[in-house]
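What follows is a single structure, written as C-alpha cells, with notes after it.
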Amino acid sequence: MTVPADWPTTAEAARAEQERLRPLVVPEGPEPPRRPGTLIAGVDVAYDDERDVVAAAAVLLDYATLDVVEQATAVGRVAFPYLPGLLAFRELPAVLDALARLTRTPDLVVCDGYGLAHPRRLGLASHLGVHTGLPTLGIAKNPFTFTHQPPGDHRGAWTPLLDGPDPVGRALRTRQGVKPVFLSVGHRIGLDEATAVTLALTPAYRLPETTRQADSLCRRALATTTPAP
DNA sequence: GCGACAG
DNA sequence: ATCTTGTCGC
C-alpha cells in the first residue's frame, strides 16, 4: 500500500482538503443500476494499532444474486489517526489500493460509515466517490451525532436522519425488530435509490452483504499479515 | 472548560 | 476499530 505523498498529516490540513473536495460531490444520480450483471462493491478496513498495520478489503458482488464474484485486499501502514469527522483520511489510502486491485469496475461502492451525513457534509463515502468518480453510498451502524425518530418495526420502515433541522440521510430498518442502519448518499446517487439498494443488499441480516463480506475479508487479511522484515 | 463523537 | 465468554433464543 502506498500513501499519496501529499496526503494530509494534520487535522487542519485534512479539513482544508475537505473544503476543496466538497463542491465536487454529486449527491444525486440517475435510476437504479439494476441491469443484468450489475456489480456492487463493498469495502472495509481492519486495524492493528499495536503494529501500525492496516488491511483493507474490496469485494465485488453480483447485484442480482449477491454472490461474491471477486475479492482484493491491500495491507500497509496506518496513514492517519482516527478523528471523528476525518475518518476518510484514515481509511482511504488502503481502500483505494484494494479497489484498484479489482479487475472490474463496480457500478456502485458501499462504504462502512457516512457520506453526506457528516458535520461538514463530506464523510467517507463522499471522499471515496470524488476520488474514484464512482457512485458511492454510506451505510453506518451508529447514528453518530445525528438524531432520528425510531422507524416503524417492519423491514423497509425509515425515518429521516437529522443534523439539527437538516435531513442528511435515513435510519432504515433492514430487519424487523432489529436496530436500524443509518445511510446517507455519497456520490452520484439519490437517497431513494440508496434506500432501495440497501434493502436489496439485506435479504437476511441487518448489515448489507457487501460490508459483511468485506469485513470478514479484511480481518482475515490482517490476521494473515506477517510483520514486514 | 468538558464530554460526545462514523470506524 | 479493538479488547473478550458465555449465553439466551429461534
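Order of the sequence lines sets the chain letters (A, B, ...), proteins ahead of strands, with each chain counted from 1.
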Main chain of A/V178, side chain of A/R206: is a donor-acceptor contact present, judged purely on distance under 3.5 Å?
no
Is it true that a side-chain atom of A/R188 and a backbone atom of A/G133 form a donor plus acceptor pair closer than 3.5 Å?
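Present.
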Rounded to whole Å, how long is the line connecting atom [atom1] of [X] with atom [atom2] of [N]?
X	N	atom1	atom2	answer
A/L222	C/dA1	CG	P	12 Å
A/R219	C/dT2	CZ	C1'	9 Å
A/Y47	C/dC3	OH	C1'	17 Å
A/D215	C/dT2	CG	C1'	12 Å

Tell me, what's DNA chain B's dot-bracket, Watson-Crick or G-U with both distances under 3.5 Å, | for other-strand, [ ] crossing?
.......
Residue pair [X] / [Y], side-chain heavy-atom distance below 4.5 Å:
X	Y	answer
A/H148	A/L162	no
A/W7	A/P93	yes
A/S184	A/V168	no

Which part of the nucleic acid, if any, lies within contact of [X], taking any heavy atom under 4.0 Å across all strands shown: a base, the sugar-phosphate backbone alone, or nothing?
X	result
A/D48	nothing
A/L86	base
A/A117	nothing
A/G138	nothing

Identify, residue by residue, the members of residues 147-159 of chain A with a heavy atom below 4.0 Å from DNA chain B, and return them in order of residue number, or none.
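By residue number: none to list.
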Ring centres under 6.0 Å, that's the criterion: do A/F144 and A/H118 meet it?
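Not close enough - the centres of the two rings lie 6.0 Å or further apart.
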Please identify the 5'-most and 3'-most nucleotides of DNA chain B with any atom under 4.0 angstrom from a heavy atom of chain A.
B/dC5 to B/dG7
Without hydrogens or angle criteria, can the side chains of A/Y47 and A/E91 be said to hold a donor-acceptor pair below 3.5 Å?
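Judged by distance alone, the side chains do pair up.
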Testing the 3.5 Å rule here: is there a donor-acceptor pair between the side chains of A/T202 and A/R155?
yes
Please report the shortest heavy-atom distance between A/R120 and A/L86, naming the atom on each side.
NH2-CD2, 3.7 Å
Just one of A/Q213, A/R212, A/R219 clears the side-chain hydrogen bond (donor to acceptor under 3.5 Å, both in side chains) bar with A/D215, so which one?
A/R219
side-chain contact (heavy atoms from CB on, under 4.5 Å) between A/I40 and A/L201, worked out:
CA-CA 9 Å; A/I40 311 285; A/L201 292 174; 4.3 Å; yes
